[in-house]
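Atom set for the values below is all heavy atoms of this structure, side chains included, hydrogens, waters and symmetry mates excluded. Quick caveat, the model's predicted, so the values are computed rather than measured.
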Amino acid sequence: MRIDVWSDVSCPWCYITKRTFELALSASGRSDVHVVLHPYQIDGEQPAESTPMLEWLAGKYGRERAARMNKEVSAAGPRHGIAFRNETGYAVNTLNAHRLLRWAGLSHGRPVQSRLEELLFAAWFTESADLGDHGELLRRVERAGLDRDRAARLLASDEGVAEVRAEVRRARELGVTTVPRFDFGGAQRVEGPQEDPAVFLRVLKPQPATTRGAQ
């Protein structure tokens with residue numbers, strides 16, 4: 001089964017839902033799943049400069065809504081082993097993070113890409129790291145087991161820029177407006193925040209059709 005996933009490393013519910021999905025996938029026992037990660041940029045290529053996260057959210061949604069959003073996700077985090085520290089985090093342009101994720105997937109496959117994705121989410125939401133800094137990105141690349149020098153050359157070039165932008169544009173053309181979004185073989189879809197693995201298990205382990213006995 002091919003599963004297409006649209007996600008952004010600036011999205012806290014993408015972080016939570018990734019863990020929810022992976023619990024469901026493990027519980028399903030399936031070994032025929034092929035996950036394809038697609039980039040999405042909730043804020044486009046903004047902010048232009050690294051900005052305190054709650055300040056950025058307040059500018060988008062207003063201070064009351066931003067505070068409420070932070071409270072909701074911070075309360076949900078511990079249920080999934082995540083201690084959000086948004087008060088000290090930064091909002092940045094996610095283009096470079098998506099370029100690195102694309103490279104990791106193409107060169108090393110989904111398991112390594114998933115490991116880097118986890119490290120980038122953690123940097124953003126729990127470690128208060130400024131991912132606008134190439135050094136911070138490269139530290140996560142190295143921790144994921146990837147070649148730091150190769151990643152540095154990528155960041156110093158335009159490699160992957162056009163491809164990531166084209167994928168984000170394509171996502172919008174396909175009507176992707178909410179992330180996370182999971183498309184299962186083009187037949188079923190799960191989108192938006194998910195905390196219950198049963199939501200994914202219903203798709204991963206569909207119940208066998210029942211037949212009525214002879215009358």
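- Take Asp4 and apply the salt bridge (Lys or Arg N to Asp or Glu O under 4.0 Å) test, not counting sequence neighbours, and it matches Arg2.
- Classified by interplanar angle (parallel below 30°, tilted 30° to 60°, perpendicular above 60°), the ring pair Phe200/Phe184 is tilted.
- Going from atom CD of Glu163 over to atom CG of Leu106 covers 9.0 Å, rounded to the nearest 0.5 Å.
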Apply side chain to side chain donor-acceptor pair (under 3.5 Å) to Gln41 and Asn93, showing your working. CA-CA 8 Å; Gln41 291 188 280; Asn93 179 356; 3.2 Å; yes
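- Under the 30°/60° scheme for interplanar angles, the aromatic rings of Tyr15 and Phe121 are found to lie parallel.
- Of the listed residues (Val168, Leu95, Val164, Thr94), just one forms a side-chain contact (heavy atoms from CB on, under 4.5 Å) with Glu45, and that residue is Leu95.
- The structure places CE of Met1 at 7.0 Å from CG of Asp32, a figure rounded to the nearest 0.5 Å.
- With Ser128 as the partner, the side-chain contact (heavy atoms from CB on, under 4.5 Å) test is satisfied by one option alone out of Arg85, Met53, Glu87: Arg85.
- The side chain to side chain donor-acceptor pair (under 3.5 Å) test applied to Asp147 returns no partner, not counting sequence neighbours.
- Side-chain contact check for Tyr40 and Arg181: no donor-acceptor pair (N or O, by modelled atom type) lies under 3.5 Å.
- Between the side chains of Glu22 and Ser114, at least one donor N or O sits under 3.5 Å from an acceptor N or O.
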Would Val33 and Val35 count as a side chain to side chain contact (heavy atoms under 4.5 Å, CB included) here? Give the steps. CA-CA 6 Å; Val33 168; Val35 175; 3.8 Å; yes
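- Side chain of Gln113 to backbone of Leu101: a donor-acceptor contact under 3.5 angstrom is found.
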With side chain to side chain contact (heavy atoms under 4.5 Å, CB included) as the criterion, how do Leu116 and Leu146 come out once you've worked through the C-alpha distance, each side chain's angles and the decisive distance to 0.1 Å? CA-CA 9 Å; Leu116 177 59; Leu146 292 157; 4.0 Å; yes
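- Side chains of Trp6 and Asp183: a donor-acceptor N/O pair is absent below 3.5 angstrom, by distance only.
- Between the OG atom in Ser26 and the CZ atom in Phe21 there is a gap of 11.0 Å [rounded to 0.5 Å].
- Between atom OG1 of residue Thr17 and atom NE2 of residue His80 there is a gap of 8.0 Å, rounded to the nearest 0.5 Å.
- To the nearest 0.5 Å, atom CG of residue Leu155 and atom CG of residue Leu137 are 6.0 Å apart.
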